[in-house]
Amino acid sequence: MSILRIERTQPRPGVVEEPLLTPRGYKLGDPLYGRRKHHAEFAVYVKTLEEAAALIRRGHSLWMHARGKRGSLISPGSLRIVEA
């Protein structure tokens, strides 16, 4: 199966959020770092949505952003993985 998209289960009103894609790849937070997982030095980067989905299923959080809005780290329980 391939991943079509990863979305928030309760998105912010009035904006369309997408996984944050940086020059290094999609940005995730590693649950091993607990309350510090949002710090840049603990970020995990993957190249594909499939890799991101696999990490989300193992408890990683995903950075999401919307045009004109600051990105935010979304917990795996607040994400939905849409597959084809």
Side-chain angles (χ1 to χ4, degrees):
M1 286 194 178
S2 65
I3 305 301
L4 292 178
R5 67 185 177 278
I6 300 172
E7 57 191 24
R8 288 181 76 166
T9 57
Q10 298 178 7
R12 291 187 271 186
V15 295
V16 176
E17 293 180 281
E18 298 178 350
L20 178 62
L21 180 59
T22 73
R24 294 178 65 186
Y26 293 100
K27 185 176 178 183
L28 296 103
D30 191 332
L32 290 176
Y33 296 101
R35 303 184 114 224
R36 298 180 303 158
K37 67 183 163 215
H38 66 283
H39 292 212
E41 63 266 26
F42 303 125
V44 175
Y45 296 90
V46 296
K47 297 293 181 191
T48 68
L49 283 177
E50 285 80 9
E51 291 172 302
L55 289 177
I56 291 165
R57 288 182 180 115
R58 291 193 306 228
H60 284 66
S61 300
L62 177 67
W63 283 91
M64 302 279 290
H65 76 106
R67 184 180 203 129
K69 299 285 184 183
R70 183 176 179 196
S72 55
L73 188 61
I74 310 302
S75 68
S78 295
L79 295 168
R80 176 177 23 251
I81 298 167
V82 180
E83 300 176 288

Identify which one of Leu55, Ile56, Leu62 satisfies the side-chain contact (heavy atoms from CB on, under 4.5 Å) criterion when paired with Pro76.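 Running side-chain contact (heavy atoms from CB on, under 4.5 Å) over Leu55, Ile56, Leu62 with Pro76 returns exactly one hit, Ile56.
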Determine whether Leu73 and Ile6 fall in the same hydrophobic cluster, where Ile, Leu, Val, Met, Phe, Trp and Tyr are linked whenever their side-chain heavy atoms lie under 4.5 Å apart. no
Establish whether Ile81 and Val46 are linked, either directly or via other cluster members, by ILVMFWY side-chain heavy-atom contacts under 4.5 Å.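 Yes, Ile81 connects to Val46 through the hydrophobic network.
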With sequence neighbours excluded, tell me which residues meet side chain to side chain donor-acceptor pair (under 3.5 Å) with Arg80.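 Glu7.
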Please list, one pair per line, the donor and acceptor atoms closer than 3.5 Å that link side chains of residues 11-18 to other protein atoms, with sequence neighbours excluded.
unit_1: Arg12; atom_1: NE; unit_2: Glu17; atom_2: OE2; d: 3.1
unit_1: Arg12; atom_1: NH2; unit_2: Glu17; atom_2: OE2; d: 2.8
unit_1: Arg12; atom_1: NH2; unit_2: Arg70; atom_2: O; d: 3.3
unit_1: Glu17; atom_1: OE1; unit_2: Arg8; atom_2: NH1; d: 3.0
unit_1: Glu17; atom_1: OE2; unit_2: Arg8; atom_2: NH1; d: 3.2

Should side-chain heavy atoms under 4.5 Å link Ile, Leu, Val, Met, Phe, Trp and Tyr, which residues sit in the same cluster as Leu4? Val82
Atom of Ser75, atom of Ser61 and distance for their closest heavy-atom approach: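 The answer is CA-OG, 3.7 Å.
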Where is the tightest heavy-atom contact between Lys37 and Pro31, given as atom of each residue plus distance?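 Reported closest heavy-atom pair: CD-CA, 4.4 Å.
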Would Gln10 and Ser78 count as a side-chain contact (heavy atoms from CB on, under 4.5 Å) here? Give the steps. CA-CA 7 Å; Gln10 298 178 7; Ser78 295; over 6 Å; no
Rounded to the nearest 0.5 Å, what separation is found between the CZ atom of Arg36 and the CG atom of Asp30? 11.0 Å
Check side chain to side chain contact (heavy atoms under 4.5 Å, CB included) between Lys27 and all other residues, then give those that pass, not counting sequence neighbours.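 Checked Lys27 against side chain to side chain contact (heavy atoms under 4.5 Å, CB included); matches are Leu20, Thr22, Ala43, Tyr45, Trp63.
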